[in-house]
Asks: 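Sharing a structure here in structure tokens format.
Quick caveat: nothing in here was measured; it's all calculated off a predicted structure. We name chains A, B, ... by the order of the sequence lines, and we start the count at 1 in each one.
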2 protein chains.
Amino acid sequence: MTAETQGRPMRADARRNYEKLVAVATESFLAHGPDASLDDIAKRAGVGPGTLYRHFPNREALLDAVCVRWADSVAADAAPLLEAADPTAALNDWLVRLVDHVSAFKGLASALLLSTDRKHDTAWVLHHTSEELVERAKAAGGIRADVTTSELMQLTSGISYACGHSKQAGKPTSTPERLIGLIMDGVRTR
Amino acid sequence: MTAETQGRPMRADARRNYEKLVAVATESFLAHGPDASLDDIAKRAGVGPGTLYRHFPNREALLDAVCVRWADSVAADAAPLLEAADPTAALNDWLVRLVDHVSAFKGLASALLLSTDRKHDTAWVLHHTSEELVERAKAAGGIRADVTTSELMQLTSGISYACGHSKQAGKPTSTPERLIGLIMDGVRTR
DNA sequence: CAACAATACGGAGACTGTCTCCGCTTAGCA
DNA sequence: TGCTAAGCGGAGACAGTCTCCGTATTGTTG
């Protein structure tokens with residue numbers, strides 16, 4: 001579900017433009033936040049606005065495409081953690097990284113942690129990765145069995161949001177590590 | 001710091017328009033979210049855009065004015081909790097209410113929980129109220145002494161955000177009670 | 001109560017961004 | 001080499017933000 005929703009493959013020029021758009025959009029969103037001008041992105045990518053809007057009917061769609069790629073790279077980051085000796089510590093670690101990644105991505109991605117369906121989409125990758133880590137921690141008896149992955153995702157995404165915003169408001173803010181720590185304290189078996 | 005930053009009082013017509021604008025803006029923001037058209041708000045309030053922009057130089061300013069009133073009413077809600085027999089339960093209760101209020105306010109207010117300065121502003125009222133409840137709970141030995149009010153505000157605002165978003169994404173979502181519960185579990189003395 | 005500042009009003013319009021429509025171009029196939 | 005479906009891109013309609021400035025209103029002072 002990248003672009004051609006099945007059917008014949010994209011024409012070469014179309015694919016080229018598609019890739020260029022996603023690349024430029026990534027830059028632009030990072031530089032100017034999720035409100036970056038779409039016409040501007042089109043211009044930088046060397047295509048007309050019409051082309052952009054054919055590939056991505058609205059801002060959301062483009063944002064999604066950008067985030068999907070991003071999510072893949074983030075999820076890849078988790079691979080070593082899946083084999084860590086202490087699964088609970090690994091989960092903690094992962095959640096902190098997740099917050100960092102999401103923050104680095106300005107908040108483009110914060111909404112993503114929240115949905116659990118959308119088969120192939122961004123959220124799925126992250127949710128799935130998290131789930132594995134959660135299961136391992138539960139199996140090892142490190143965290144309470146009644147806590148769900150979704151709940152942790154909600155809390156984590158909330159923390160990203162909160163850290164991002166209070167940081168940009170210039171306020172001294174507790175670190176993600178600290179806040180995740182508090183949550184883990186509530187979730188750990190005793 | 002409502003409108004006249006000291007100096008002579010506002011002229012009668014100016015005050016009238018100011019009030020009307022805040023009232024209409026509240027409705028509009030609730031109805032259409034924080035992106036409601038400002039020109040439209042002006043029109044509904046029966047004034048020209050120029051008038052709106054003189055009173056509120058930008059969207060943020062108007063949003064602030066709306067939120068200040070809202071925060072006062074929310075804070076008033078906490079009065080009984082300040083004398084509750086079990087301060088820890090009272091804190092829990094308050095945090096849940098806070099999330100509910102913020103969610104009801106669409107997310108207009110979620111950013112507000114985060115700043116701790118801004119003397120008179122919205123955030124202050126809420127932060128201050130929370131602080132009292134936190135102090136009482138600490139004094140009663142119900143929660144850890146190392147946890148700060150800011151931290152709880154960050155987590156709470158995060159939860160509002162997360163609940164608001166996953167709800168509107170149509171996903172089955174854990175209740176605010178549950179999530180606040182998890183946090184309280186991490187924060188309670190054992 | 002008249003007249004005059006000071007204050008406030010409001011709408012025209014400049015500007016920016018979103019998104020669509022459609023005539024033209026190009027890739028890919030026979 | 002030529003045809004056709006797929007794709008392109010820019011002109012422009014529309015909506016929202018915000019400013020500028022001539023006009024109207026308030027409240028004060030003689």
Asks: Find the distance F56(A):CZ to dG7(D):C1' and express it as a whole number of Å.
Replies: 14 Å
Asks: Distance check needed: dC22(C) C1' versus R54(A) CZ, whole Å only.
Replies: 12 Å
Asks: Are E19(A) and R69(A) ion-paired here, with the side-chain N under 4.0 Å from a carboxylate O?
Replies: yes
Asks: Among dA8(C), dG27(D), dG11(C), find the nucleotide with the atom closest to the side chain of P49(B).
Replies: dG11(C)
Asks: Whole angstrom is fine here: how far is it from CZ in R44(A) over to C1' in dG9(D)?
Replies: 19 Å
Asks: Which whole-number value in Å describes the distance from L62(A) CG to dT18(C) C1'?
Replies: 13 Å
Asks: Do the side-chain N or O atoms of T51(B) get closer than 4.0 angstrom to the phosphate oxygens (OP1, OP2) of dA8(C)?
Replies: no
Asks: If you pin R16(B) and R59(B) to their nearest nucleotides in DNA chain D, which one's is more 5'?
Replies: R59(B)
Asks: Specify the separation, in whole Å, of atom NZ of K20(B) and atom P of dC9(C).
Replies: 13 Å
Asks: Verify the contact: side-chain N or O of R11(B) to OP1 or OP2 of dG27(D), cut-off strictly under 4.0 Å; return yes or no.
Replies: no
Asks: Reading DNA chain D from 5' onward, which residue's closest nucleotide shows up sooner: D39(A) or V47(A)?
Replies: V47(A)
Asks: Nearest to the side chain of A12(A), which nucleotide is it out of dG7(D), dA27(C), dC19(C)?
Replies: dA27(C)
Asks: Taking CG from D40(A) and P from dG17(C), how many angstroms apart are they, rounded to a whole number?
Replies: 8 Å
Asks: Any carboxylate oxygen within less than 4.0 angstrom of a Lys/Arg side-chain nitrogen, looking at D185(A) and R190(B)?
Replies: no
Asks: What is the distance from atom CD of E151(A) to atom OG1 of T175(B), rounded to the nearest 0.5 Å?
Replies: 8.0 Å
Asks: Atom NZ of K43(A) to atom P of dT18(C): distance rounded to whole Å?
Replies: 11 Å
Asks: Within the pair H55(B) and dA8(C), is there a side-chain N or O less than 4.0 Å away from OP1 or OP2?
Replies: no
Asks: Specify whether Y161(B) and Y161(A) have parallel, tilted or perpendicular ring planes, treating 30° as the upper limit for parallel and 60° as the lower limit for perpendicular.
Replies: parallel
Asks: Would you be so kind as to tabulate the donor-acceptor pairs closer than 3.5 Å made by side chains of residues 38-54 of chain B, with sequence neighbours excluded?
Replies:
from	atom 1	to	atom 2	distance (Å)
D40(B)	OD2	R44(B)	NE	2.8

Asks: Give a yes/no on whether any side-chain N or O of N17(B) is located under 4.0 angstrom from OP1 or OP2 of dC9(C).
Replies: yes
Asks: Which nucleotide in the list dT26(D), dA27(C), dT17(D) gets nearest to the side chain of D13(A)?
Replies: dA27(C)
Asks: Any donor-acceptor pair under 3.5 Å joining the side chain of N58(B) to the base of dC18(D)?
Replies: no
Asks: Quick check on dT16(C): is either OP1 or OP2 less than 4.0 Å from any side-chain nitrogen or oxygen of S37(A)?
Replies: no
Asks: From the options dC18(D), dA8(C), dC8(D), select the nucleotide whose nearest atom is closest to the side chain of L38(B).
Replies: dC18(D)
Asks: Taking CZ from F29(A) and C1' from dG17(C), how many angstroms apart are they, rounded to a whole number?
Replies: 13 Å
